[in-house]
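Please read the structure below before turning to the comments.
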Amino acid sequence: MAERPLSLPGSTDRFVLTDRPALTLTDRYRPLPDGMTLGHATIVRAYEVRPGDVVVAFFTDGPSPRYAEHVPEAFTAHPRSFGTCPAQCEECENIHTRGATADRHLCLDDADDRENCVIVYRNTPVAIIPAMTTTCLPPLDSAPLLPDLFTLDDGKFGPYEALPVSRAWSPWSTISVTRATAEQIAIDLPRSLAGRHLTCRWLHELLLISSDPRLRTEPGRPGRLIEPDADGRYLIGGLWPWEEWFPPTCPDCSTDTEQIDVEGEKVWRCTAPDCDRRTYGTGDPDDDEDLPPYTETDADGTTIVYHGTGEIDVETTAELASQEGTYEDGQDADGDDGLTCPNGNKAPECTEIDPCEACAQDEDEEAARIEASMGLRRGTLD
């Protein structure tokens, strides 16, 4: 199902349900359980959502057609009136300060230890899988959870995948990672600004993270010894602040970027159609000056050289064109067609506009003979 049109009673708009995006670093969408597909979905107004319905998408604003905006994690609806938040979550507080009222808004799902309440306008079009259908399908929680992403030093190291953390998590808390991720953290941490006073050492299955003895607040303490839990995962943190990782935005137009590889390095490219900017995504423009340059060939076969940031290297591109470019008539870019003049000189030493000295003398003598033959000048023909 690439695109599936849906109609909503009472609306002249055409709604289009698209495939759910695949999980990538920039598209954080939890897959539906095996056996549950968007082919089971229909469209209703938010006030028509019933307990047990699975919410999979909302839709873009008009004009028609209006395309699906998939929710990062499909959820089972528990509709209730707005204004009775049991958790006093940030979403309810923020939208209340903006003037939300119970007669115009409602809550589709209550806050839990990971997510805030889902507050929408009552007339919002919603793509759902009805509760009657979901009873015959695998439960939502049978799909694997999306990992949270963390980093060090504003994105210079990472991102590291970890089990989802609760809303009460703080940067000084631990994150749960696999052995492979723990090994990468052990390599990166001592090189980072956040962990510059720390060292990491593996003792078989145990990871020892210790600090400079001169900086220890508890003299004699060797460090933090981390052992795997029953699932083989490591709880790492508490000695430096973690940073939650999000896809970097373009420094020029603030559009989201997508990850590409350039000569084995992670580079982020702007997704705006009229912007070619690339970035390391660290937030420091000076870092982008070290991005590796690259070349592209346009439709006419011209080779264009770019700086690592995506700007055209005009000087290098022009120099390359002068060395390799040819005119349509087959002559080289500097006018040298490989031929010599009658006196054995090549362009640019001898051209039609600027002949060499020997050819200039020959032309003068030829002109004199022509004038003499026409009686315009007294002279002797050879």
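The structure presented is a predicted model; accordingly, all values stated were derived computationally and were not measured. Heavy-atom basis, side chains included; hydrogens, waters and symmetry copies ignored.
Partners of N123 under the side chain to side chain donor-acceptor pair (under 3.5 Å) rule, at least two apart in sequence or in another chain, do not exist in this structure. Checked against side-chain contact (heavy atoms from CB on, under 4.5 Å), V44 has the following partners two or more places apart in sequence or in another chain: E48, V49, I128. Take T178 and apply the side-chain contact (heavy atoms from CB on, under 4.5 Å) test, not counting sequence neighbours, and it matches A180, T181, R233. The ring pair (Phe, Tyr, Trp, His ring centres under 6.0 Å) check on F15 picks up F59, with sequence neighbours excluded. Residues that satisfy the salt bridge (Lys or Arg N to Asp or Glu O under 4.0 Å) test with D288, not counting sequence neighbours, are R277. Partners of E311 under the side-chain contact (heavy atoms from CB on, under 4.5 Å) rule, at least two apart in sequence or in another chain, are H307, T309. Remark: R45 engages no residue in a side chain to side chain donor-acceptor pair (under 3.5 Å) (not counting sequence neighbours). D313 meets the salt bridge (Lys or Arg N to Asp or Glu O under 4.0 Å) test with no other residue; sequence neighbours excluded. When the salt bridge (Lys or Arg N to Asp or Glu O under 4.0 Å) test is applied to D153, no partner is found at least two apart in sequence or on another chain. Scanning for side-chain contact (heavy atoms from CB on, under 4.5 Å) contacts around E93 gives Q88, with sequence neighbours left out. In this view, E183 and R179 satisfy the side chain to side chain donor-acceptor pair (under 3.5 Å) rule, not counting sequence neighbours.
In this structure, CG in L137 is found 11.5 Å from CG in D34, a value given to the nearest 0.5 Å. Remark: C275 SG to R269 CZ distance equals 11.0 Å, nearest 0.5 Å. Separation of atoms OH (Y294) and CZ (R278) is listed at 3.5 Å; rounding is to 0.5 Å. Here L149 contributes atom CG and E244 contributes atom CD; the two are 9.5 Å apart, rounded to the nearest 0.5 Å. For the atom pair CG of L225 and CG of L206, the computed distance is 5.0 Å after rounding to the nearest 0.5 Å. To the nearest 0.5 Å, atom OG1 of residue T134 and atom CG of residue L140 are 8.0 Å apart.
Residues L106 and I119 form no side-chain contact, since every pair of their non-hydrogen atoms from C-beta on lies 4.5 Å or further apart. Within the 4.5 Å cutoff, side-chain heavy atoms of S210 are placed close to those of T199. Contact annotation: the side chain of L198 approaches that of S211 to within less than 4.5 Å [non-hydrogen atoms, C-beta and beyond]. In this structure, T295 and Y306 have side chains that are not in contact, with every pair of non-hydrogen atoms separated by 4.5 Å or more. When side chains are defined from C-beta on, P139 does not count as touching P33, because their heavy atoms never get closer than 4.5 Å. Inter-residue side-chain proximity for V262 and L291 is flagged as unmet; no heavy-atom pair is nearer than 4.5 Å. Here the side chains of V55 and F58 are in contact, with some heavy-atom distance below 4.5 Å. Contact check for W242 versus D148: no side-chain heavy atoms found under the 4.5 Å cut-off.
In summary, the side chains of T271 and T255 do not present any donor paired with an acceptor at a separation below 3.5 Å, with no hydrogens or angles considered.
In this structure, W169 and F150 have tilted ring planes: the angle between them lies in the 30° to 60° band.
Aromatic pair Y234/W202: ring centres closer than 6.0 Å.
Counted within 6.0 Å of NE2 on H96, heavy atoms from surrounding residues, nucleotides or ligands total 12 or fewer; the atom is thus considered open. The number of heavy-atom neighbours closer than 6.0 Å to CD of E357, taken from other residues, nucleotides and ligands shown, is 12 or below. Within a 6.0 Å radius of CD in E90, no more than 12 heavy atoms belonging to other residues, nucleotides or ligands are found.
Sorted by first and then second residue, the side-chain hydrogen bond (donor to acceptor under 3.5 Å, both in side chains) pairs involving residues 51-76 (not counting sequence neighbours) are D13-R66, T18-H70, R30-E73, E73-R114.
A distance-only check finds no donor-acceptor pair linking the side chain of S176 to the backbone of L163 [under 3.5 Å]. Between the side chain of R4 and the backbone N or O of L38 there is at least one donor-acceptor pair closer than 3.5 Å. Put simply, the side chain of R50 never gets that close to the backbone of A77: no donor and acceptor are under 3.5 Å apart. Looking at T151, its side chain does come within 3.5 Å of a backbone N or O of F157 through a donor-acceptor pair.
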Original post:
Which is it for D188 and Y160 under the side-chain hydrogen bond (donor to acceptor under 3.5 Å, both in side chains) test, yes or no, and what are the steps along the way?
Top reply: CA-CA 11 Å; D188 295 341; Y160 310 111; 2.7 Å; yes
**OP:** I would like to know whether K156 and D287 meet side-chain contact (heavy atoms from CB on, under 4.5 Å); could you show each step before the answer?
**Re:** CA-CA 10 Å; K156 291 186 178 181; D287 292 340; 3.4 Å; yes
